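Worksheet: the structure to be examined is printed underneath.
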There are 2 protein chains.
Amino acid sequence: MGERFPSPAEQTRSALVRAGLVLFGRKGFEGASTRELAALAKANIGSIAYHFGGKEGLHLACADFIVDTIGKIARPALADVAALPPADAEAGLKHAVERIVSFFVASPEIGDFAQFILREMSLPSPAFDRLYSGVFAPTHTQLCSIWERATGEAAESEETRIRMFMLIGQVVYFRIARAAVQRRMGWSDIGPQQAQAIAGVALANLSAVLASRKGKDHP
Amino acid sequence: MGERFPSPAEQTRSALVRAGLVLFGRKGFEGASTRELAALAKANIGSIAYHFGGKEGLHLACADFIVDTIGKIARPALADVAALPPADAEAGLKHAVERIVSFFVASPEIGDFAQFILREMSLPSPAFDRLYSGVFAPTHTQLCSIWERATGEAAESEETRIRMFMLIGQVVYFRIARAAVQRRMGWSDIGPQQAQAIAGVALANLSAVLASRKGKDHP
DNA sequence: GTCTATAAACAGATAGAC
DNA sequence: GTCTATCTGTTTATAGAC
């Protein structure tokens, strides 16, 4: 790890993890066979057992890769917003929503990540623990504290936590229900253009909710 | 079909479909084996081929069962709301959201349906077509027209269609991300009590959005 | 570390007895 | 219609050559 020129072994490991992200995400753990995985990674079948101890080991390594990658991208971005003075928190919150849309809904590279994560959510396997504590919990917690800065409502109240799930859910749903959305909307793809339309409505909703919370007491 | 006392053959068919709903939803098409399916249905392995032509035939039959069941429950309920005079449409819309929460998020019987549907959404198979045209499209279309009655905004505008996806998504997400939600919220289950908390926030959001749309022109 | 050959378990489909 | 035995192919894991 951390070497300037990755050794052949690390290249193989990395190729297998990338293949795992694609195939596990697309077809599920049982649906992806070790042969497919090795073929996509241009590695041999035995390398999975050698490097990861077996199919399940590769699956866990994929989860760790997602945690690392999201940790490097999303976490610092949200941390910046969370550090804004309350006066700017509302604008920061809106910016965060835009980022979530373009990152999670439209970006094609993240597609396999997203499917992998969603699969773990609806059918938690041992890999779920790592995703929850590495991605899910910190992201949601940070969003809650941004909300507190923007509205004055307690970050860890039940209502705020539910509300932040909805904020995420209404957007992430476009990735989850992608096939149905595309048909119903007549979209041949969900790219930057469609993401803009989605973000527009999401931001309008957010503004409406924020406006409705103003003028209420927060004892 | 339609007989007073179901024949043994129909009991077997029905048991296999029920097992299919559970196992396909829980483990995916590849993840569920014909042996497990037959065992759960207390039928023999050969009966799958006999009654449905094979594993995929059973899968399609499960999709048809969902379409029929939802069609009998959700469709007429939404149709009633869609028939309300515009003055009552807003209340009807809120009632519809409450129904969606308790039906889709909290009811345990629907859990396997939901997982089956969600699985087809993220990885469409031949069964997806039936679910889309039998459940998804009619439900979404009806929701859009209810929205039009409540707000005067065109049911089939891009904005309305996106907004209705968000209305559904923010709620359905609690089913999709159930495992993560339970951990983060400290809920040991998502039952009627939790559904009420979810519906409360969803309705507050809806009211806020409706309020923000008032006083705008709809040329 | 890479790659191949093989083992042992498992899959879905089918033929035929009842 | 039900159920069992079996066929054929595929799966993961592993042993060992290089």
Side-chain angles (χ1 to χ4, degrees), chain A residues 1-63 65 116 119 123 125-127, chain B residues 1-63 65 116 119 123 125-127:
Chain A
M1 297 201 229
E3 287 176 15
R4 186 95 188 180
F5 298 101
S7 66
E10 279 165 36
Q11 288 182 318
T12 302
R13 283 181 61 96
S14 163
L16 282 170
V17 167
R18 266 162 214 290
L21 255 5
V22 173
L23 292 180
F24 287 140
R26 209 167 286 176
K27 317 175 71 173
F29 181 76
E30 290 90 355
S33 77
T34 53
R35 282 173 171 77
E36 281 178 301
L37 289 161
L40 185 59
K42 292 197 237 293
N44 63 81
I45 320 115
S47 60
I48 292 173
Y50 179 80
H51 288 290
F52 303 100
K55 191 184 178 182
E56 183 155 340
L58 174 57
H59 192 238
L60 289 172
C62 290
F65 183 83
F116 189 104
R119 219 168 256 285
L123 180 72
S125 81
Chain B
M1 294 202 237
E3 287 176 20
R4 186 95 189 182
F5 297 102
S7 66
E10 279 165 35
Q11 288 183 318
T12 303
R13 282 181 60 95
S14 166
L16 282 170
V17 168
R18 266 162 214 289
L21 255 5
V22 173
L23 291 180
F24 287 139
R26 208 168 286 176
K27 316 175 72 173
F29 182 74
E30 292 89 357
S33 75
T34 54
R35 282 173 171 78
E36 280 179 302
L37 289 161
L40 185 60
K42 293 197 234 295
N44 61 82
I45 319 114
S47 60
I48 293 173
Y50 180 79
H51 288 290
F52 303 99
K55 190 184 180 181
E56 181 154 340
L58 174 57
H59 192 239
L60 290 172
C62 291
F65 183 83
F116 190 103
R119 217 167 257 286
L123 180 71
S125 82

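Small disclaimer: the values here were computed from a predicted structure and weren't measured. Naming: A, B, ... by sequence-line order, numbering from 1 per chain. Below, each value reflects all heavy atoms present in this structure, side chains not excepted, and no hydrogens, waters or symmetry copies.
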Exercise for review: Indicate yes or no for a side-chain donor-acceptor contact from A/R26 to the backbone of B/L123 under 3.5 Å, with no hydrogens or angles considered.
Suggested key: no
Check your understanding: With no hydrogens and no angle check, is any side-chain donor or acceptor of B/S47 less than 3.5 Å from a backbone partner on B/Y50?
Key -> no
Locate the shortest heavy-atom distance separating [X] from [Y]; write the atom from each residue and the value.
X	Y	answer
A/T12	A/A43	CG2-CB, 4.1 Å
A/T34	A/I48	O-CD1, 3.6 Å
B/V17	B/C62	O-SG, 3.5 Å

**Study point:** Atom pair NZ/CZ of B/K27 and A/F29 - distance to nearest 0.5 Å
**Key:** 11.5 Å
Check your understanding: So do the side chains of A/F52 and A/R13 get within less than 4.5 Å of each other, counting heavy atoms only?
Key -> yes
Practice item. Scan residues 15-26 of chain A against DNA chain D and write down, sorted by residue number, each residue with any heavy atom closer than 4.0 Å; if none is found, say none. Key: none
Study note, to complete from the structure: Each nucleotide of nucleotides 2-18 of chain C classed B (base within 4.0 Å of a protein heavy atom), S (only sugar-phosphate) or -, in 5' to 3' order, makes BBB------BBSB----
